[in-house]
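One structure is given below, encoded as structure tokens.
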Amino acid sequence: MRMLIANGTVVDTDPEVRVLPEADVLVEDGVITAVGTGLDAGDAEVLDATGLIVLPGLVDTHRHLWQSVLRSVAADSTLGGYLDLVLGRLGPAFLAEDVHAANLWGALEALDSGTTTVYDWSHIQLTPDHTDAALDALAASGIRCVFGYCRPGAESDPRQRAEVRRVAARSLPSLVTPALAALGPVFGPEEAAGADWRLARELGLQVSVHATGVGTVEWLHREGLLGPDVMFVHGNGFTDEAMRRVADSGGVASVAPAIESQMGHGLPETGRFRGFGVTTGLGVDTVTAAPSDMFAVMRAAFAAERGRGGSITAAEVLRMATVEGAAVLGLDDRIGSLRPGKQADLVMLRAGDLGLAPVHDPVGAVVTAAGPANVDTVLVAGRVVKRDGRLPYADTRGALDLVSRSAARIARAVAVAP
């Protein structure tokens, strides 16, 4: 199948951010084969991109999709309040069908806003049925995803390790990549954390860990567990020495600037990570207290770094939300830019919309002015998952009904107003 995206304002991100006016993108069998002007369409389906900004799909490197059912429930919470309410009270009330409804809805809203890839840091694995429900929902949505399995409980348990192996060996759609999300050593004992790291490396899985302040990087260094397969989420308050150790090990980082600023983690460390040479992506984290779209996250990162005196540019922020985010997930050989040979994960924005037009600088407009309402068309691996501003998903209304019923049931179960 051939598709020509014709006559758009094309913004690529590799090797640097550049704008190609009135350009075309040719896609064959889900792969980008050419980018340029006046490309021969031949027998290709033509998508007219006149008046549209065409760019790589956005990459969210850290989100808890199961929490889409809990939108804005912790808007005023600090991190401690979030942990008590969301993980302490609401999470245990989730049934497997609630996880399915939440993951489906969260994935659909990501696609709707131009996010084509998400790292689902999934710490709702109360039973194997919960895990399978999450994975089935991801497959149904059509999103590209790294599924970060976080085993339940803080202790090391052979049965839990067997479940990690089952998930890693499970027949997964081509768009879903397994990974390990580790509770320890931050929220669990060091012995269990060591077992997680060894298991992940046995299975060839990337490890993602929440970490702030002093202790985590230092312990991993002492134990010889740092490496290019480790993603540090947040990193607020890391010492310069810890930053250097992460960089020297080839480790990567995911910053969630909106949540970190709101919940009191500390100033987002976007500029410091990048200054030390650590490949850094951006993440929504949780919609319990922040917007679900990567445009809002880009603006939060841009404003926070500029506010602390950094010189970050709009182009650098866009790279973090695309090709650098893809590199954080180990997927930059497949996605993140429009380089021929990569999968056709694309988003197209209506440049003539109120609030976005007139567009003087397409890169600046994407980072500082664009939002979900401007997203006209989205492709994942060459498949159209949004067109003319509408998701062609078969039953969006049914998905809304499922997530609304789950939200109401969970609220009743723990006496929290829906």
Side-chain angles (χ1 to χ4, degrees), residues 5 8-23 25 32 35-37 49 52-61 113-117 247 252-258 267-284 293-329 331-333 335-340 342 345-351 353 355-372 374-375 378:
I5 299 161
T9 299
V10 173
V11 179
D12 200 3
T13 56
D14 183 20
E16 300 296 336
V17 175
R18 61 195 177 111
V19 178
L20 304 174
E22 299 179 356
V25 180
I32 298 168
V35 178
T37 57
L52 301 179
I53 300 172
V54 182
L55 65 152
L58 302 177
V59 179
D60 180 349
T61 58
S113 66
T115 298
T116 54
T117 299
V252 296
S254 173
V255 174
L267 290 173
E269 301 287 14
T270 316
R272 288 187 66 224
F273 271 126
R274 299 183 86 246
F276 278 96
V278 178
T279 302
T280 305
L282 301 174
V284 166
D293 66 280
M294 289 294 291
F295 297 102
V297 171
M298 283 193 283
R299 279 192 282 280
F302 194 37
E305 188 58 30
R306 294 284 223 166
R308 67 187 301 175
S311 59
I312 198 166
T313 66
E316 289 172 319
V317 173
L318 181 59
R319 277 180 57 85
M320 284 191 289
T322 53
V323 70
E324 290 186 26
V328 167
L329 303 184
L331 299 177
D332 54 319
D333 61 333
I335 61 168
S337 75
L338 305 182
R339 190 178 72 211
K342 289 196 176 184
D345 288 13
L346 308 174
V347 58
M348 304 181 210
L349 310 177
R350 290 184 297 271
D353 281 0
L356 188 54
V359 175
H360 298 282
D361 170 10
V363 176
V366 168
V367 173
T368 66
N374 307 122
V375 176
V378 180

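In this chain, residues are counted from 1 in sequence order.
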Review point. Hey, are the side chains of Thr322 and Leu58 touching, using non-hydrogen atoms and a 4.5 Å cut-off?
Key: yes
Revision key, fill the gap. For Arg339, the salt bridge (charged side-chain N to carboxylate O under 4.0 Å, His left out) test, sequence neighbours excluded, returns Asp14
**Study point:** Where Pro15 and Arg319 come nearest, the two heavy atoms and their spacing
**Key:** O-NH1, 3.0 Å
Exercise for review: Would you give the length of the straight line joining atom OG1 of Thr13 to atom CD of Glu316, rounded to the nearest 0.5 angstrom?
Suggested key: 13.5 Å
Exercise for review: Compare every heavy atom of Ile32 with every heavy atom of Val35, then report the nearest pair and how far apart it is.
Suggested key: CG2-CG2, 4.0 Å
Review point. Which atoms form the tightest heavy-atom contact between Thr313 and Phe302, and what is the distance?
Key: C-CE1, 3.7 Å
Exercise for review: Please test Val59 against Ile335 for side chain to side chain contact (heavy atoms under 4.5 Å, CB included), starting from the C-alpha separation and ending with a verdict.
Suggested key: CA-CA 9 Å; Val59 179; Ile335 61 168; 4.2 Å; yes
**Study point:** Test log, rule side chain to side chain contact (heavy atoms under 4.5 Å, CB included), inputs Val255 and Glu305
**Key:** CA-CA 12 Å; Val255 174; Glu305 188 58 30; over 6 Å; no
Practice item. Check whether any side-chain heavy atom of Ile5 sits under 4.5 Å from a side-chain heavy atom of Leu346, and report yes or no. Key: yes
Check your understanding: Looking only at heavy atoms, which two atoms of Met298 and Val367 are closest? And how far apart?
Key -> SD-CG2, 4.2 Å
Study note, to complete from the structure: Rounded to the nearest 0.5 angstrom, the CG-CZ distance for Asp12 and Arg18 is 5.0 Å
Exercise for review: Determine the minimum heavy-atom distance between Thr9 and Pro362, stating which atoms define it.
Suggested key: CG2-CG, 3.9 Å
Check your understanding: Can you name the one residue among Val297, Val328, Val284 that meets side chain to side chain contact (heavy atoms under 4.5 Å, CB included) with Thr61?
Key -> Val328
Revision key, fill the gap. Distance col, row Phe273:CZ vs Thr279:OG1, nearest 0.5 angstrom, shows 11.5 Å
Check your understanding: Quick one: salt bridge (charged side-chain N to carboxylate O under 4.0 Å, His left out) partners of Arg299, sequence neighbours excluded?
Key -> none
Point to revise | From CA spacing to verdict: side chain to side chain contact (heavy atoms under 4.5 Å, CB included), Arg350, Leu52 | key: CA-CA 5 Å; Arg350 290 184 297 271; Leu52 301 179; 3.7 Å; yes
Check your understanding: What is the distance from atom OG1 of Thr270 to atom CG of Leu282, rounded to the nearest 0.5 Å?
Key -> 6.0 Å
Exercise for review: Could you give me the CA-CA distance, side-chain angles and deciding distance for Asn374 and Phe295, then say whether side chain to side chain contact (heavy atoms under 4.5 Å, CB included) is met?
Suggested key: CA-CA 11 Å; Asn374 307 122; Phe295 297 102; over 6 Å; no
Check your understanding: Hey, are the side chains of Thr37 and Glu22 touching, using non-hydrogen atoms and a 4.5 Å cut-off?
Key -> no
**Study point:** Check: Ile312 and Met320 side chains under 4.5 Å, non-hydrogen atoms
**Key:** yes
Study note, to complete from the structure: One should read off an interatomic distance between Leu55 CG and Asp345 CG, to the nearest 0.5 angstrom, of 11.5 Å
Review point. Which heavy atom of Gly283 sits nearest a heavy atom of Ser254, and at what distance?
Key: N-OG, 4.3 Å
Practice item. To the nearest 0.5 Å, tell me how far Arg274 CZ sits from Glu269 CD. Key: 14.0 Å
**Study point:** Main-chain N/O of Ser113 paired to Thr115 side chain as donor or acceptor, under 3.5 Å
**Key:** no
Check your understanding: Would you call Leu349 and Val366 a side-chain contact if the rule is heavy atoms closer than 4.5 Å?
Key -> yes
